[in-house]
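Each chain gets a letter, A, B and so on, in the order the sequences are listed, and its residues count up from 1.
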There are 2 protein chains.
Amino acid sequence: MVQFWYEFASSYSYPAAMRIGRLARESGIEIEWRPFLLGPLFKEMQGLSDSPFNAFPPKGRYMWRDLERICEAEEIPFVKPKKFPHNGLAAARLALVGLSEGWGEVFTRLVFSANFARGEDISDPAVLEPLVTEAGGDTRKARVRANSEEIKDRLKSNVDQARARGIFGAPSFVCDDGELFWGNDRLEQALAWSKQH
Amino acid sequence: MVQFWYEFASSYSYPAAMRIGRLARESGIEIEWRPFLLGPLFKEMQGLSDSPFNAFPPKGRYMWRDLERICEAEEIPFVKPKKFPHNGLAAARLALVGLSEGWGEVFTRLVFSANFARGEDISDPAVLEPLVTEAGGDTRKARVRANSEEIKDRLKSNVDQARARGIFGAPSFVCDDGELFWGNDRLEQALAWSKQH
């Protein structure tokens, strides 16, 4: 099994989320979907209160061009969002509800597409809630459960577990033996590692 | 042609320097070797006076493991240096001398091997000067020229040109049309881009 650690605001998590399902099926590897938040880790590790891609403009300019090239090569639709990053907290809580009810993977891809294929604001419930329905969830019930202590705690626990596993960015992949891979461009390597170990 | 921008202190520049000669020959692409210094860019861009891999320990731990995996896969000898980073200034100046005299590419590989295959301190003239001889240079003459205004200015100019091209890390690759690729893991893509454009 490979844990897929992703943050809805993270640009490079987008191609990983769109690719991992197919690649995992081809490799016969099971994926554990692990939404988490990068904000607290960036803050405590690097003292950043914004994305490093905004804090360091040359890095940001490069990232957008690199992401555009990746999406073109992978035939993944891509539009640079007008605002970046969109806060991924509400989406992450809904995803945790969905993952426990069987519609979380589809919802995850729909949210990433809203953010990076259409440039929509995924912190807006008006954007998110139709995606719950589209993924097969019950919007009203999901909204209530997403704000429950159970789900809030689960998201906090994911952030704590990410930190404990040495994760500092997204997407990250963790194999059963603890081996960590960081970045969309390490997805294939993580699956191969998992198969060999 | 592809410009290869490298910093002798940079860990990921090591596998790139060891691989680029062969890959470029196989692609029929000419390489322009461009040593530069990352320190000034990290300082002005991120306010860092140390490597980000030291400033942010989880990132550093990951980098060493990732580099170990890369070197193993590419059959490149690797030893984690006791001290990191070793200041690359003296090596960069000598490399500029060597590149203008025909022994710079070999010298570059020898310095990277000293740093990352044997863990030697490449800021130490006693480490560097035998490598000049081994690469085919005249140590005494190279030492004098490395401290000339001509070579100092050339290195400063490389840092300025790196900044102007949007470079923020090493290794970086710049194609004739200005397309920028960052990281050892983008080397193949940079060569392919250069061939197609």
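Contacts of Ala190(A) classified as side chain to side chain contact (heavy atoms under 4.5 Å, CB included), with partners at least two apart in sequence or in another chain: Phe173(A), Phe181(A).
Residues Leu94(A) and Phe107(A) are in side-chain contact: their nearest non-hydrogen atoms beyond the backbone lie under 4.5 Å apart. Counting heavy atoms from C-beta on, the side chains of Val174(A) and Val2(A) never come closer than 4.5 Å.
Here the CZ-CE distance, from Phe168(A) to Met63(B), works out to 10.0 Å after rounding to the nearest 0.5 Å.
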So between chain B and chain A, what donor-acceptor pairs come in under 3.5 Å?
from: Tyr62(B); atom 1: OH; to: Trp182(A); atom 2: N; distance (Å): 2.8
from: Arg65(B); atom 1: NE; to: Glu179(A); atom 2: OE2; distance (Å): 2.8
from: Arg65(B); atom 1: NH2; to: Glu179(A); atom 2: OE2; distance (Å): 3.0
from: Asp66(B); atom 1: OD1; to: Arg186(A); atom 2: NE; distance (Å): 3.3
from: Asp66(B); atom 1: OD2; to: Arg186(A); atom 2: NH2; distance (Å): 2.8
from: Arg69(B); atom 1: NH1; to: Glu179(A); atom 2: OE2; distance (Å): 2.8
from: Arg69(B); atom 1: NH1; to: Leu180(A); atom 2: O; distance (Å): 2.9
from: Arg69(B); atom 1: NH2; to: Leu180(A); atom 2: O; distance (Å): 3.2
from: Glu179(B); atom 1: OE2; to: Arg65(A); atom 2: NE; distance (Å): 2.7
from: Glu179(B); atom 1: OE2; to: Arg65(A); atom 2: NH2; distance (Å): 3.0
from: Glu179(B); atom 1: OE2; to: Arg69(A); atom 2: NH1; distance (Å): 2.8
from: Leu180(B); atom 1: O; to: Arg69(A); atom 2: NH1; distance (Å): 2.9
from: Leu180(B); atom 1: O; to: Arg69(A); atom 2: NH2; distance (Å): 3.2
from: Trp182(B); atom 1: N; to: Tyr62(A); atom 2: OH; distance (Å): 2.8
from: Asp185(B); atom 1: OD2; to: Arg186(A); atom 2: NH1; distance (Å): 2.6
from: Asp185(B); atom 1: OD2; to: Arg186(A); atom 2: NH2; distance (Å): 3.4
from: Arg186(B); atom 1: NE; to: Asp66(A); atom 2: OD1; distance (Å): 3.3
from: Arg186(B); atom 1: NH1; to: Asp185(A); atom 2: OD2; distance (Å): 2.6
from: Arg186(B); atom 1: NH2; to: Asp66(A); atom 2: OD2; distance (Å): 2.8
from: Arg186(B); atom 1: NH2; to: Asp185(A); atom 2: OD2; distance (Å): 3.4

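Checked against a 6.0 Å centroid threshold, the rings of Phe112(A) and Phe8(A) count as neighbours.
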Notebook entry, point to check: How far apart are the C-alpha atoms of Ile20(B) and Leu187(B), what are their side-chain angles, what is the distance that settles it, and do they pass the side-chain contact (heavy atoms from CB on, under 4.5 Å) test?
Noted result: CA-CA 7 Å; Ile20(B) 195 167; Leu187(B) 168 53; 3.7 Å; yes
